[in-house]
**Student:** 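Structure provided below as structure tokens; questions to follow.
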Number of protein chains: 2
Amino acid sequence: MNEPLGTRGSSARDIVYAGLREQILSLELPPGTALSEKDSAAAFGVSRTPVREAFLRLAQEQLVQVLPQRGTFVSLIDPELVEEARFMREQLERAVIRLACAGFPPLSLSALRDNLAAQQDAMTRLDDRKLFELDEAFHRTLFEGCGKLNTWSVIQQMNLHLNRARLLRLATDPHWSHLYEQHAAMAEAIADGREEAADDLMRQHLRLGIADQELLKKEYPHYFKPEKENAQ
Amino acid sequence: MNEPLGTRGSSARDIVYAGLREQILSLELPPGTALSEKDSAAAFGVSRTPVREAFLRLAQEQLVQVLPQRGTFVSLIDPELVEEARFMREQLERAVIRLACAGFPPLSLSALRDNLAAQQDAMTRLDDRKLFELDEAFHRTLFEGCGKLNTWSVIQQMNLHLNRARLLRLATDPHWSHLYEQHAAMAEAIADGREEAADDLMRQHLRLGIADQELLKKEYPHYFKPEKENAQ
DNA sequence: AAGCGATTACTTCCATCCTAGCATGCCGGT
DNA sequence: ACCGGCATGCTAGGATGGAAGTAATCGCTT
């Protein structure tokens, strides 16, 4: 009676969660879209219970908003939340790269270098998807080397909101070569223990990906939450 | 047929969640304790569904661990997680207090001062509970004044783990007068825009509350997660 | 007595059903 | 024409029974 259950993650709840999250982050389900336990249950071929639990988790991550007895809706993009996600990531990544300069396991350092090589390779192949993965892996390795993997997973959750905003200006052309230069410079700074330089590089690096929020808000006003509110 | 449902929070799910969280954080349910949907449902006088959803939320916050088809257990205290929570809080609070020095709304500044007065008052009354609240409110006001309330709520979630570790060494006697001095000094530094001083104060301030983890691990070894693991 | 397979008692997971509350539109009164 | 009250169809919240899985124990075999 069970379908292939393609998206691995074993439990029905996780499958629904992963599926919906993907659709929300890719804007396939644009902000404001009404969801319903019943419909989603039908769409995924499961009962309402796992759907409900997936909704709950998405609500905790502020990706949907559930109004009892009214419905569940894909959250509008909250500019404050996006900016704070960026803020937190910047603070944490800068602190970590300073730690890395003070002492970084050789194994992780060579992982960074391997990653850089792979980035070059992917650039020649214009493999954007792979580059995105490698970018993530690069930063992850930074945290791993500093024994701060839990911090990294917190950042990844923040990134949900950043990414959704980022995706709006698709055809995004993220200047991969520029990013690569920064990554390479960071790795060298770590190897040489140049804290200030590394910090500076990271700050610039993280400010790159920021879209002009204002511009986006003009273009897709109904995707954004109005400034004035008393959320929660 | 329904009981008074005393603990406000409207939904049964929230009541169960809040109740369990309280018991876990107060160590009334010590790390390692086995929970069960059925028992908790009976204890709270609700059905298994809201209990299950509360478990799910607690699991996301890493306060419990649910092993499918085996049981749900209060998480062991993960020293890494505690240390990283402290780390993240330090980075974010320091960044925010620097922001505050660069510009802080007069209204929030006077809120800080009112809070300080209330702290003095509570100290004379030896009202520890109130002091704890005021301490939280003080920091919250910092974030509020900088427009970083979302960041504050992330920190609060981190604090779950910090607090559980902190509670172990109860009879904690947190040297309130010392904390008050630091708070007062921070408020002044903000008023005067002395970034470096404020940063330094905050760093010291946040390193106060740290228990000697090692000592605690010796005393309650079975409450802690062993070092070696490949969690998550 | 020791080893090992079947059973049993437990868990979480999921499906289904029922309930309560909100929104909309009809309908009658003014 | 407008406005108040009600019927109806929606929603999520909660309760419950059974399915799937794990782990420990009992009982048989050797």
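Here is the naming used below: chain letters follow the sequence lines, and residue numbers restart at 1 for every chain. Please read all numbers here as calculations on a predicted model, not as lab measurements.
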**Student:** Strictly distance-based, threshold 3.5 Å: is any side-chain N or O of B:Asn115 a donor or acceptor partner for the main-chain N or O of B:Leu134?
**Tutor:**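 Such a contact is found between B:Asn115 side chain and B:Leu134 backbone.
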**Student:** Please write out the pairs of protein N or O atoms and N or O atoms of nucleotides 17-23 of chain C separated by less than 3.5 Å, giving the distance to one decimal.
**Tutor:**
unit_1 : atom_1 : unit_2  : atom_2 : d
C:dA23 : OP1    : A:Arg70 : NH1    : 2.2

**Student:** Starting at atom CD of B:Glu37, determine the distance to atom C1' of D:dA20, rounded to an integer number of angstrom.
**Tutor:** 14 Å
**Student:** Could you tell me how far apart B:Glu53 (CD) and D:dG14 (C1') are, to the nearest whole angstrom?
**Tutor:** 8 Å
**Student:** A:Val46 side chain: which of D:dG14, C:dA15, C:dT12 is closest?
**Tutor:**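 Looking only at side-chain atoms, A:Val46 lies closest to C:dA15.
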**Student:** Which label fits B:His139 and B:His183: parallel for a plane angle under 30°, tilted from 30 to 60°, or perpendicular past 60°?
**Tutor:**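 Correct class here is perpendicular.
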**Student:** Check whether any side-chain N or O of B:Ser40 sits under 3.5 Å from a backbone N or O of B:Glu37 as a donor-acceptor pair, and report yes or no.
**Tutor:**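 Here the side-chain-to-backbone pair does not exist.
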**Student:** If I take atom CD1 in residue B:Ile15 and atom P in nucleotide D:dG13, what distance separates them, rounded to the nearest angstrom?
**Tutor:** 14 Å
**Student:** Write down the distance between CZ (A:Arg13) and C1' (C:dT12), rounded to a whole number of angstrom.
**Tutor:** 9 Å
**Student:** Give a yes/no on whether any side-chain N or O of A:Arg52 is located under 4.0 angstrom from OP1 or OP2 of D:dG13.
**Tutor:**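 For D:dG13, OP1 or OP2 has a side-chain N or O of A:Arg52 closer than 4.0 Å.
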**Student:** Is there a donor-acceptor contact under 3.5 Å from the side chain of A:Glu84 to the main chain of B:Asn150?
**Tutor:**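 Confirmed, A:Glu84 side chain pairs with B:Asn150 backbone.
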**Student:** Are the side chain of B:Thr141 and the backbone N or O of B:Leu112 linked by a donor-acceptor pair below 3.5 Å?
**Tutor:** no
**Student:** Please report, rounded to the nearest Å, how far the C1' atom of C:dC13 is from the CZ atom of B:Phe55.
**Tutor:**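 Roughly 14 Å, once rounded to whole Å.
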**Student:** Look at A:Thr72 and D:dA12 and indicate whether a side-chain polar atom (N or O) is within less than 4.0 Å of OP1 or OP2.
**Tutor:** yes
**Student:** Of the candidate nucleotides C:dC14, D:dT16, D:dT11, which contains the atom at the shortest distance from the side chain of A:Ser36?
**Tutor:**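 Shortest atom-to-atom distance from the side chain points to D:dT11.
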**Student:** Keeping A:Asp127 on the side-chain end and A:Lys130 on the backbone end, is there a donor-acceptor pair under 3.5 Å?
**Tutor:** yes
**Student:** Looking at every strand, decide which applies to B:Leu56 at a 4.0 Å heavy-atom threshold: base, sugar-phosphate, or nothing.
**Tutor:** nothing
**Student:** Quick check on C:dC14: is either OP1 or OP2 less than 4.0 Å from any side-chain nitrogen or oxygen of A:Thr49?
**Tutor:**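 No, A:Thr49 has no side-chain N/O under 4.0 Å of OP1/OP2 on C:dC14.
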**Student:** Rounded to the nearest Å, what distance is computed from the CG atom of residue B:Leu67 to the P atom of nucleotide C:dC10?
**Tutor:**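 Those two atoms, CG and P, are 19 Å apart.
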**Student:** If we ignore hydrogens and angles and just use 3.5 Å, is the side chain of A:Gln91 paired with the main-chain N or O of B:Ala95 as donor and acceptor?
**Tutor:** no
**Student:** Quickly work out the B:Phe73 CZ to D:dT22 P distance and round it to whole Å.
**Tutor:** 14 Å
**Student:** In this structure, how many angstroms lie between the P atom of C:dA15 and the NZ atom of A:Lys38, rounded?
**Tutor:**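 Rounding to the nearest Å, NZ of A:Lys38 and P of C:dA15 are 16 Å apart.
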